[in-house]
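Reminder, nothing fancy here: chain letters follow the sequence lines and each chain counts from 1.
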Amino acid sequence: MSMVREALELARKDIVTEIRARDALPSAIALGATALFVVALSIGPDVERLRSLAPALVGVVLAFATITLADRLDAVDRADDAFVALWLVLDDPRAILLGRVISLTASLFVLELGLWVSASLLLDVELTAATVVLVPVALLSSLSAASVAALVMTLVGTTPQRTVLAPTLLLPLLVPTLLSGVQAASAVLAGSGPLVLWASVSGAEALLFVGVGLLTYREAAKPA
Amino acid sequence: MSRRVSALGLLLVGAALVVLVGVGLSSAVVYYRTPSELLASRDSTPTRLYGLVVPGSVHVDAATHRLSFRITDGTTSIGVVSTALPTALFRDGVGVVLAGSMGPGDVFAADEVLVKHSEVYEAIQPGQTVPPAVVTSLGGGTP
Amino acid sequence: MIRGGWFRAHSGMMVAGAVAVVLVTGLMLVPADASQGDVQRLMYVHVPAAWVGYLAFLVVFLASVGYLWRRTARLDHLAAACAEVGVLFTAVAIASGSIWGKATWGKWWDWDPRLTTTAIMLLAYAAYLLLRQSIADRRRRARLAAVFGVLAFVNVPVVHFSVLWWRSLHQPPTILRPGDPTIDHLLLAQLIASVAVFSLAFVWLVRERVRLERIREAVADV
């Protein structure tokens with residue numbers, strides 16, 4: 001189980017890095033605040049519409065945060081050949097992938113919870129006892145986005161065009177994650193809808209990409 | 001160790017497929033509702049409605065460009081008004097998917113009328129012509 | 001020159017001729033559909049193009065898995081060639097389907113499962129080509145492209161199911177369904193001929209593209 005321990009240690013390193021450098025999350029928080037604010041101003045007093053737009057806004061911000069955060073953490077690893085050192089030191093380099101999935105999931109999860117609290121303040125989304133279900137839904141969609149992003153970033157991290165390639169390669173793969181996350185959150189807020197179905201889609205996407213990641217990571221990440 | 005992790009990877013991929021197929025088989029997916037379902041639910045939120053155009057029910061108000069017709073699912077029929085004009089394939093008996101909501105007096109107000117193409121293809125016979133578009137022939141103008 | 005050589009040298013002309021023949025019969029000679037009229041003729045381009053697109057992406061996946069397993073440069077060339085041809089044919093399928101959709105459904109685009117899945121596939125394989133473009137080292141490019149070739153393909157069923165559960169407007173399959181196909185036999189024969197000829201064109205294009213890649217690498221090695 002040394003691999004899991006190593007993965008947790010690497011995830012802790014990622015989170016400490018992000019807390020100290022504040023490289024990626026502030027831009028996502030700024031985008032989130034702007035999105036909620038602009039929508040609230042442009043829609044006006046139509047509470048029903050504001051509430052129904054909230055899941056989609058959270059989805060957009062989540063997609064943006066996934067790309068910037070995954071890119072940033074990967075760039076930190078690549079600097080000073082830290083990645084090559086990690087590759088040589090670890091028992092199984094796949095700990096790097098798992099660690100990245102864990103740290104991305106944790107960061108995106110916290111961000112998403114923050115967005116829901118903001119949405120309740122700015123968009124009149126009512127957070128009641130029933131909407132506690134949003135917590136596991138947010139965790140699932142964060143995990144799903146993280147598992148896709150960690151793997152894709154591994155592929156494009158060494159290319160000179162990483163800033164173009166990262167969103168281009170990520171967005172088609174993030175479609176099920178975004179669709180299921182938004183639909184699940186809508187179902188929770190509406191109090192009805194196929195919640196289990198959408199949660200399962202998020203879960204399936206996470207399982208699939210962690211699974212394929214474990215199978216292909218050594219090919220994708222092997223230092224040149 | 002390494003092999004066990006790879007086996008875990010395969011297991012996760014398999015589990016993902018099982019979840020997808022399992023959920024797909026167990027959930028009833030509704031693309032649109034039928035007139036019977038919609039009338040029974042008394043729901044006036046935006047929805048999609050599918051039915052066959054009742055022959056002889058299509059009327060076009062040339063002045064306001066409003067199209068009205070009835071659709072049926074075999075047991076129940078609903079009156080529909082629409083400002084959106086469908087394509088030339090719209091005619092008696094054809095299946096249509098409407099997007100809109102139930103308005104007052106149990107009349108469905110459609111924002112969009114899509115002609116749902118059936119999966120039947122037949123060769124045209126010599127001397128036969130493609131049936132004229134109902135909307136055009138009634139003087140409603142081409143869509 | 002031996003017969004095989006002549007055959008090979010003129011294979012491109014023959015494939016082009018076959019494509020011309022099915023286009024002429026499909027667009028001019030075969031009778032139109034009784035209810036849709038001439039618009040239905042788009043089917044003879046749309047269906048085979050979509051079929052070739054799906055087939056090409058399947059081969060990209062298989063060749064990618066094969067490359068990761070055996071490390072044969074040939075398989076990498078095959079995956080690259082199929083991705084290029086697949087993107088081209090999928091774009092044709094989407095464009096022709098869109099025109100047909102405007103004429104029959106009444107709109108250019110609908111977020112229907114099959115349309116959305118195909119569009120996402122097109123995006124993913126365009127991204128695949130972009131990834132290849134940006135890596136100079138041959139072996140590294142082959143390895144990373146192979147991993148993404150796998151990712152892009154395993155994503156397809158998840159996209160398809162998630163959009164399927166979201167909404168649908170596309171008609172059920174005409175030929176690939178139990179029982180007698182609900183299509184006139186003459187129209188069906190034309191459709192089958194189109195699919196066969198497009199598949200032939202696919203094989204020819206991929207073979208030539210793989211050959212070109214091999215020559216290019218040989219020249220680069222000199």
Region of Leu165(A) in contact with chain C, defined by heavy-atom distances below 4.5 Å: side chain
Per-residue contact mode, Arg141(C) against chain A (heavy atom under 4.5 angstrom): neither
For chain A, the option from Leu122(C), Val159(C), Leu123(C), Val158(C) that forms the most heavy-atom pairs under 4.5 Å: Val158(C)
Among Val201(A), Val148(A), Thr158(A), residue most engaged with chain C (heavy-atom pairs, under 4.5 Å): Thr158(A)
Region of Leu151(A) that comes under 4.5 Å of a non-hydrogen atom in chain C: side chain
Contacting region of Ala204(A) [heavy-atom separation from chain C under 4.5 Å]: neither
Side chain / backbone / both / neither for Phe209(A) at chain C, heavy atoms under 4.5 Å: side chain
Leading residue by heavy atom contact count with chain A [cutoff under 4.5 Å; candidates Val150(C), Leu131(C), Ile135(C)]: Leu131(C)
Taking every non-hydrogen atom, the tightest pair across Ser134(C) and Pro160(A): O-CD, 3.8 Å
Thr168(A) versus chain C, the contacting section by heavy-atom distance below 4.5 Å: both
Leu155(A), part contacting chain C, at a heavy-atom distance under 4.5 Å: both
Under-4.0 Å salt bridge between Arg140(C) and Glu219(A): no
Among the listed options Val212(A), Leu173(A), Val175(A), Thr159(A), the residue most often paired with chain C at heavy-atom distances under 4.5 Å: Leu173(A)
Distance-minimising heavy-atom pair for Pro172(A) and Asn155(C): O-ND2, 3.0 Å
For Lys222(A) against Arg143(C), the heavy-atom pair lying closest together: O-NH2, 3.3 Å
